[in-house]
Chemist: 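To start, I am sharing the structure in question, which I have written as structure tokens.
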There are 4 protein chains.
Amino acid sequence: MFLHINPSNGIAIYDQIVRQVKFAVARGAIRPGNRVPSVREMARELTLNPNTVARAYQKLQSDGVLEPVRGMGLEVTSDALTHCRAERQKLIRERIHDALIEAQQSGIEGDALRQLIDQQLASVTEDGR
Amino acid sequence: MFLHINPSNGIAIYDQIVRQVKFAVARGAIRPGNRVPSVREMARELTLNPNTVARAYQKLQSDGVLEPVRGMGLEVTSDALTHCRAERQKLIRERIHDALIEAQQSGIEGDALRQLIDQQLASVTEDGR
Amino acid sequence: MFLHINPSNGIAIYDQIVRQVKFAVARGAIRPGNRVPSVREMARELTLNPNTVARAYQKLQSDGVLEPVRGMGLEVTSDALTHCRAERQKLIRERIHDALIEAQQSGIEGDALRQLIDQQLASVTEDGR
Amino acid sequence: MFLHINPSNGIAIYDQIVRQVKFAVARGAIRPGNRVPSVREMARELTLNPNTVARAYQKLQSDGVLEPVRGMGLEVTSDALTHCRAERQKLIRERIHDALIEAQQSGIEGDALRQLIDQQLASVTEDGR
DNA sequence: GTGGTCTAGACCACC
DNA sequence: GTGGTCTAGACCACG
């Protein structure tokens with residue numbers, strides 16, 4: 001699948017899965033009606049504990065992004081697209097907000113901050129990584 | 001003192017103290033040779049358990065920012081300023097980098113991302129918070 | 001495990017654990033990739049409070065000797081062996097140095113000191129303790 | 001006076017004073033009947049808190065090394081010499097013993113330990129430091 | 001007054 | 001099950 005898990009970046013693994021699945025839906029990489037890989041398969045692909053994947057899927061269900069289809073596993077709900085678009089906006093905004101809040105209260109001056117952001121923005125958008 | 005603790009933002013309280021003390025040194029709000037508030041005083045101010053503050057101070061010692069003055073408390077080391085300046089840059093850069101990485105791989109388009117950043121930047125720098 | 005804790009010899013308990021784990025790695029009793037007993041298990045064995053053991057393990061992590069395996073406990077890092085060998089040499093040398101410095105400035109004569117050392121060396125290496 | 005205080009070597013300052021005064025008596029640098037500097041004077045010389053010196057003197061009194069002389073401060077007792085000779089032997093022996101115990105259980109081999117001791121012994125006895 | 005250590009017991013996220 | 005964090009309260013050595 002299209003998930004990049006980083007086991008040591010502070011964000012819980014299950015939460016990384018949740019966020020990235022939502023993002024995949026938001027950008028159209030997974031569509032309503034599509035099935036997601038089974039817990040076992042996903043766990044094998046990412047070499048994670050199945051419990052971790054199961055937990056992520058559970059959260060995605062309670063968030064209304066996935067729904068069980070009898071005997072067929074989980075598929076993306078019909079209103080997931082709208083939902084995930086909004087969610088994406090919120091998640092990204094929050095994270096940027098928190099980062100900037102800390103930057104600002106750390107005493108970095110406006111120009112330096114601006115410069116730092118441009119730098120990172122460039123480095124991020126250049127390499128596809 | 002000038003610390004803003006948020007007990008429920010994902011970052012451990014002791015770590016918030018560590019980061020903010022480093023920032024305070026970096027921006028010159030505390031200077032080498034200055035003493036920091038005692039464990040008990042800080043704990044009272046922030047209504048935290050003294051152990052939590054002690055743990056933060058211990059980390060700051062092992063990071064070379066504070067040093068004990070026997071029986072007199074803890075003071076900022078002479079090379080803390082250089083150290084904290086560099087540390088601040090690193091901490092902030094990392095956090096912004098991680099946020100932008102996620103934003104980019106979430107599929108938000110360049111313009112929308114740019115706009116979102118400007119928005120947050122404005123909202124953060126406006127209010128004196 | 002093979003730790004001998006002496007709760008009243010001046011060295012903090014958590015530090016005794018730190019030192020002895022490093023020594024165990026240095027002499028090959030624990031190898032890179034091995035897992036150390038869990039916090040709770042070690043605490044039970046030594047009849048200590050789990051927090052005390054946790055503190056020691058935390059120090060060992062920040063010293064680069066142990067690393068967490070998510071949900072699976074702590075294991076010895078790959079470069080711990082080199083590290084601990086050097087560390088052991090340093091810790092032991094320092095302690096002997098300090099003892100001899102004091103002995104020398106206490107006015108004990110060279111021969112008497114030599115004799116005293118031999119005596120202790122014999123008594124220590126004899127009993128399997 | 002003839003004391004070398006190291007505020008950061010793990011041994012409490014007051015205890016360093018106690019030990020070194022005993023050593024000075026043992027090697028004849030101070031004799032029974034001699035007066036020791038007043039608390040204030042000693043504190044000034046060593047730039048220590050007078051309380052610290054007072055505490056050391058108190059311990060030395062309860063150990064029978066010093067005794068008050070009406071209005072004249074403290075002087076070395078008549079049986080201090082014998083007492084301190086024995087004490088010195090015990091203190092030094094204990095410290096060496098503890099160091100060797102740790103060295104031995106750290107897994108350093110007999111030859112390496114022997115070598116390390118000789119090394120330190122040489123470095124200590126060479127420079128008068 | 002200061003920091004350092006330890007115990008006890010709780011809750012959390014994660015596997 | 002694992003480690004991580006926090007609270008609460010105690011005792012100690014030191015200045």
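All figures in this text were calculated on a predicted structure; none of them were measured in a lab. Values below: every heavy atom of this structure, side chains too, minus hydrogens, waters and symmetry copies.
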Chemist: Between F:dT5 atom P and B:Ile5 atom CD1, what is the distance in whole Å?
Modeler: 14 Å

Chemist: Working to the nearest 0.5 angstrom, can you tell me the gap between A:Leu74 CG and A:Leu66 CG?
Modeler: 5.5 Å

Chemist: Give, ordered by number, those residues of residues 54-66 of chain B having at least one heavy-atom distance below 4.0 Å to an atom of DNA chain E; if nothing qualifies, reply none.
Modeler: B:Gln58, B:Gln61

Chemist: Using whole Å, report how far CZ of B:Arg40 lies from P of F:dA10.
Modeler: 13 Å

Chemist: Do C:Asn51 and E:dG9 have a side chain to base donor-acceptor pair shorter than 3.5 Å?
Modeler: yes

Chemist: A:Leu48 has an atom CG; how far is it from atom P of F:dT2, in whole Å?
Modeler: 21 Å

Chemist: Of B:Met72 and C:Ser38, whose closest DNA chain F nucleotide lies nearer the 5' terminus?
Modeler: C:Ser38

Chemist: Taking only residues two or more places apart in sequence or in another chain, which ones pass side-chain hydrogen bond (donor to acceptor under 3.5 Å, both in side chains) with D:Ser106?
Modeler: none

Chemist: For the pair made of CD1 in A:Ile17 and C1' in E:dC15, what is the distance, rounded to whole Å?
Modeler: 12 Å

Chemist: How close or far is atom C1' of F:dC6 from atom CD1 of B:Ile13, stated in whole angstroms?
Modeler: 7 Å

Chemist: Using the test side-chain hydrogen bond (donor to acceptor under 3.5 Å, both in side chains), find all partners of C:Ser38 that sit at least two apart in sequence or belong to another chain.
Modeler: none

Chemist: Measure the distance from CG on B:Leu46 to C1' on F:dC6 and round it to the nearest whole Å.
Modeler: 14 Å

Chemist: By the side-chain hydrogen bond (donor to acceptor under 3.5 Å, both in side chains) test, which pairs, at least two apart or in different chains, include something from residues 42-65 of chain B?
Modeler: B:Lys22-B:Asp63, B:Lys59-B:Asp63

Chemist: Rounded to whole angstroms, how far apart are OH on C:Tyr14 and C1' on E:dC6?
Modeler: 12 Å

Chemist: Distance-only check: which donor-acceptor pairs under 3.5 Å involve side-chain atoms of residues 93-102 of chain B, not counting sequence neighbours?
Modeler:
{"from": "B:Arg95", "atom 1": "NH1", "to": "A:Glu102", "atom 2": "OE1", "distance (Å)": "2.8"}
{"from": "B:His97", "atom 1": "ND1", "to": "A:Gln120", "atom 2": "OE1", "distance (Å)": "2.9"}
{"from": "B:Glu102", "atom 1": "OE1", "to": "A:Arg19", "atom 2": "NH2", "distance (Å)": "3.0"}
{"from": "B:Glu102", "atom 1": "OE1", "to": "A:Arg95", "atom 2": "NH1", "distance (Å)": "2.9"}
{"from": "B:Glu102", "atom 1": "OE2", "to": "A:Arg19", "atom 2": "NE", "distance (Å)": "2.7"}

Chemist: Can you list every pair that meets salt bridge (charged side-chain N to carboxylate O under 4.0 Å, His left out) and has a residue in residues 26-42 of chain C, with sequence neighbours left out?
Modeler: none

Chemist: Go through the structure and list residues passing side-chain hydrogen bond (donor to acceptor under 3.5 Å, both in side chains) with B:Glu75, not counting sequence neighbours.
Modeler: none

Chemist: Name the stems with DNA chain F in them: runs of three or more consecutive Watson-Crick or G-U pairs, distances under 3.5 Å?
Modeler: E:1-14 with F:1-14

Chemist: Taking the nucleotide of DNA chain E with the nearest heavy atom to each, does C:Ile11 or A:Thr52 sit closer to the 5' end?
Modeler: C:Ile11

Chemist: Can you check whether D:Leu91 reaches D:Phe23 side chain to side chain, under 4.5 Å on heavy atoms?
Modeler: yes

Chemist: Whole angstroms only, please: what is the CG-P distance between D:Asn49 and F:dG15?
Modeler: 7 Å

Chemist: Using side-chain hydrogen bond (donor to acceptor under 3.5 Å, both in side chains) as the criterion, list what pairs up with B:Asn9, not counting sequence neighbours.
Modeler: B:Gln16

